[in-house]
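Note that these values count all heavy atoms, side chains included, but never hydrogens, waters or copies made by symmetry. Chain A is the first sequence line, chain B the second, and so forth, proteins listed ahead of strands; every chain is numbered from 1.
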Amino acid sequence: MTRLSQTFLPTLKDAPSDAEAVSHKLMVRAGLIRQLGAGLWTYLPAGWRAVRKVEAILREEMESIGCQEMLMPILQPAEPWQTTGRYGIDELFKLEDRKGAPMVLAMTHEECLTYHVAREVRSYRDLPLMLYHLQTKERDEPRPRAGVLRTREFTMKDAYSFDRDEEGLARSYELQSEAYTRIFDRCGLRWYRVESDVGMMGGSGAHEYMAPCPAGENEVALATGYAANVEVATADSQPVELPPPLDAPDEVPTPGLTKVEDVSGHLGLPAGAFIKTLPIIVEGRGMVLVLLRGDHQLNEIKLRNGMNTDFRQASTEEIEAQLGPVGYLGPVESGLPIIKDAALTGNSYVSGANKPDTHLRGIDPTRDFESYEMDVRTVEAGDTAPGGGKIEIEAAIEIGNIFKLGTRYSEPLGASYLDGEGKEHPILMGSYGIGPARIVAAAIEQGADENGIVWPASIAPWQVHLVSLAQADEPEREAADRLYRDLRDDGVEVLYDDRDAGPGEKLTDAELLGCPLRVVVGRRGLAEGVVEATERGSGAEHKLPVEEAAARTSQLLSGSDD
RNA sequence: CGGGGCGUGGCGCAGUCUGGUAGCGCACUCGGCUGGGGGCCGAGCGGUCGCUGGUUCAAAUCCAGCCGCCCCGACCA
């Protein structure tokens with residue numbers, strides 16, 4: 001099947017100088033991928049084999065829940081995107097055909113599939129329906145990074161469910177969720193499912209599947225029985241000791257002290273005894289103050305979701321015109337609407353007095369100003385999760401996601417059905433994505449050691465890396481050739497290193513490429529009548545008698561040896 | 001979009017400050033030796049120094065503009 005001497009598998013001794021992520025370095029070094037441009041990668045034969053292994057698993061698990069494969073175009077008319085309001089997304093590649101008609105390159109396929117379903121599905125008898133495809137996605141990412149982890153073009157398994165009602169949608173969602181569990185387990189990943197923001201997809205609920213590893217772009221808040229993207233995570237904050245309460249707020253001179261840590265040092269109080277006042281401009285509502293405990297950070301996504309409107313930070317000019325000098329802002333007598341973070345409990349805080357060089361102490365948030373309470377802070381390691389566990393924050397790669405879209409696409413695109421009484425209803429949709437390239441990268445990130453890749457067997461490009469240490473004209477070579485033939489006859493996926501290279505190069509390459517089992521045929525072993533098999537993951541070695549080497553290799557692969 | 005960095009044979013880099021013959025290691029080709037961890041000897045091939053313009057007798061080197069790539073952040077199904 002595969003002789004290395006005839007395979008395009010260019011390995012590198014050094015990683016590209018600009019590579020940072022482990023998967024980026026190793027995928028390039030091991031000859032899996034090469035770069036064409038920013039966020040544009042070519043899969044070489046070995047890398048493509050791994051991707052196809054993942055895709056095969058995806059197909060099996062989708063079929064197993066009755067999700068049918070199809071294929072939709074990447075190049076699409078702009079119109080459905082204009083209809084759903086997604087034409088304005090910056091990441092969407094836009095172009096014109098020769099007649100000047102506006103076209104787009106699809107970043108996902110809700111518009112296209114909903115367009116079809118709207119035309120073909122008429123009756124409740126046609127539902128539920130689940131469809132998927134494996135197709136290229138194009139996204140004009142502002143910053144592609146880390147090899148294959150964030151690219152401008154990639155393939156995705158995207159599935160879509162169409163249901164009559166919420167119960168049906170919940171059922172489809174659950175089916176996909178169960179399939180995802182099997183998929184990520186089969187791919188050999190460490191992963192977990194977290195609550196997530198619905199983002200630009202819209203819709204009523206979403207989960208992300210995360211594979212923890214240092215190169216991950218996402219932060220996940222984890223505790224026993226709790227897992228959520230930091231974007232949406234909620235938790236009880238760590239307590240802070242407040243000074244004794246006062247009858248009314250009291251001015252303190254704080255000349256030149258504009259930062260929480262400055263004032264906190266000056267007054268001998270912890271940062272958590274302060275109120276941080278953040279002026280924002282809310283669309284259609286003007287300036288609003290957001291209040292946080294001094295040691296907490298604002299979570300813009302939670303704030304945006306909580307208000308259900310977009311906002312931006314107020315400029316210095318706006319702040320000084322409407323409130324007071326930056327550095328001395330506070331909620332008391334501000335005259336502005338106030339959103340108070342839920343963690344601002346207690347009754348004796350320090351904040352700015354909205355005039356130069358002055359702070360107020362003894363502020364009681366329930367007594368001294370009106371406010372609307374909302375959970376808008378970013379959770380931190382050490383916080384208490386719902387359920388009582390201590391939060392830890394971990395970096396992770398997003399390897400998949402599932403969305404309850406509801407009628408976000410079916411309504412604008414007119415996808416509806418008639419129920420048993422002839423009444424029209426919008427179809428309820430869900431969408432379910434997985435990026436095979438990210439699974440491959442995550443598996444490498446999680447499994448690699450200092451010598452290279454350590455593949456999970458299920459997605460390794462080959463099961464066996466057979467190394468002949470002898471040169472082409474030496475007698476030992478015959479034993480290796482014979483084993484290669486026997487393994488192939490037994491249906492084992494074997495990469496045969498028959499190159500005229502030195503032993504060091506061959507053995508190092510085998511470790512770099514990381515196939516589950518390395519089998520070495522060399523003079524030393526043959527003198528004892530054995531070939532040497534080494535498990536890439538554990539390093540366990542097995543001496544296999546030459547005459548039963550092929551059979552024993554198969555046993556090792558199926559885990560039934562020793 | 002903000003900040004930083006880089007661009008010189010296929011790869012990794014030096015040379016740029018201080019203008020004057022384009023270099024090193026690896027890889028590659030040929031010959032020989034070697035053969036259980038990228039081995040050794042010898043001989044070679046290979047570069048419009050990212051692009052454009054400018055300064056100069058002379059530009060990889062100085063100046064200007066542009067392009068590309070990477071990293072941090074913002075952003076992000």
- [ ] Answer with base, sugar-phosphate or nothing: what part of the nucleic acid does A:Ala501 contact at a heavy-atom distance below 4.0 Å?
- [x] base
Open item on the list: A:Lys137 and side chain to side chain donor-acceptor pair (under 3.5 Å): which single residue from A:Thr108, A:Asp158, A:Thr155 fits?
Closed with: A:Asp158
- [ ] Indicate, with a heavy-atom threshold strictly under 4.0 Å, whether A:Asp509 touches base, sugar-phosphate, or nothing.
- [x] base
Could you pull out the protein-nucleic contacts involving nucleotides 25-31 of chain B (nitrogen or oxygen on both sides, under 3.5 Å)?
none

Open item on the list: Suppose we screen for ring pair (Phe, Tyr, Trp, His ring centres under 6.0 Å). Which residues come up paired with A:Tyr226, at least two apart in sequence or across chains?
Closed with: none
Open item on the list: Between P on B:G35 and CG on A:Leu469, what's the gap in Å once rounded to a whole number?
Closed with: 13 Å
Task: Pairing residues for A:His296 by the ring pair (Phe, Tyr, Trp, His ring centres under 6.0 Å) criterion, not counting sequence neighbours - done: none
Task: Residues in contact with RNA chain B, drawn from residues 514-525 of chain A - heavy-atom cutoff 4.0 Å - done: A:Arg518, A:Val520, A:Gly522, A:Arg523, A:Arg524, A:Gly525
TODO: Measure the distance from CD on A:Glu300 to C1' on B:C76 and round it to the nearest whole Å.
DONE: 14 Å
Can you pull every protein N or O that's under 3.5 Å from an N or O on nucleotides 66-69 of chain B?
from  : atom 1 : to      : atom 2 : distance (Å)
B:C69 : OP1    : A:Ala38 : N      : 2.8
B:C69 : O3'    : A:Gln35 : NE2    : 3.4

Open item on the list: In this structure, is the centre-to-centre distance between the rings of A:Tyr160 and A:Tyr432 below 6.0 Å?
Closed with: no
Open item on the list: Which nucleotide wins on minimum distance to the side chain of A:Glu474, given the candidates B:G12, B:A74, B:G35?
Closed with: B:G35
Contacts under 3.5 angstrom, residues 532-540 of chain A side chains, donor-acceptor by atom type, not counting sequence neighbours:
from     : atom 1 : to       : atom 2 : distance (Å)
A:Glu535 : OE1    : A:Ser538 : OG     : 3.2
A:Glu535 : OE2    : A:His542 : NE2    : 2.7
A:Arg536 : NE     : A:Ile453 : O      : 3.2
A:Arg536 : NE     : A:Glu511 : O      : 3.0
A:Arg536 : NH1    : A:Asp449 : OD2    : 2.8
A:Arg536 : NH2    : A:Asp449 : OD1    : 2.9
A:Arg536 : NH2    : A:Gly452 : O      : 3.4
A:Arg536 : NH2    : A:Ile453 : O      : 3.3
A:Arg536 : NH2    : A:Glu511 : O      : 3.1
A:Ser538 : OG     : A:Ala540 : N      : 3.1

TODO: Determine the contact category for A:Thr508: base if any of its heavy atoms lies under 4.0 Å from a base atom, sugar-phosphate if only primed atoms, P, OP1 or OP2 are that close, otherwise nothing.
DONE: base
Open item on the list: Here's one to test your reading of the geometry: is the NZ or CZ of A:Arg304 within 45 degrees of the ring axis of A:Phe311 and under 6.0 Å from its centre?
Closed with: yes
Open item on the list: Side chain of A:Glu91, heavy atoms from C-beta onward: which of B:G38, B:G36, B:C75 has the nearest atom to it?
Closed with: B:C75
Open item on the list: Side chain of A:Leu507 only, heavy atoms from C-beta on: which candidate in B:C75, B:C71, B:G37 is closest?
Closed with: B:G37
Open item on the list: Less than 4.0 angstrom from a charged side-chain N to a carboxylate O is my criterion; do A:Lys302 and A:Asp375 meet it?
Closed with: yes
Task: Proximal nucleotide (of B:G12, B:A74, B:G36) relative to the A:Arg143 side chain - done: B:A74
- [ ] Name the nucleic acid region contacted by A:Ala527, choosing base, sugar-phosphate or nothing; use a 4.0 angstrom heavy-atom cut-off, strictly under.
- [x] nothing
Task: Interatomic spacing from CH2 in A:Trp455 to CG in A:Leu513 - rounded to 0.5 Å - done: 8.0 Å
TODO: Tell me what A:Glu511 touches on the nucleic acid: a base, only sugar-phosphate, or nothing, going by heavy atoms under 4.0 Å.
DONE: base
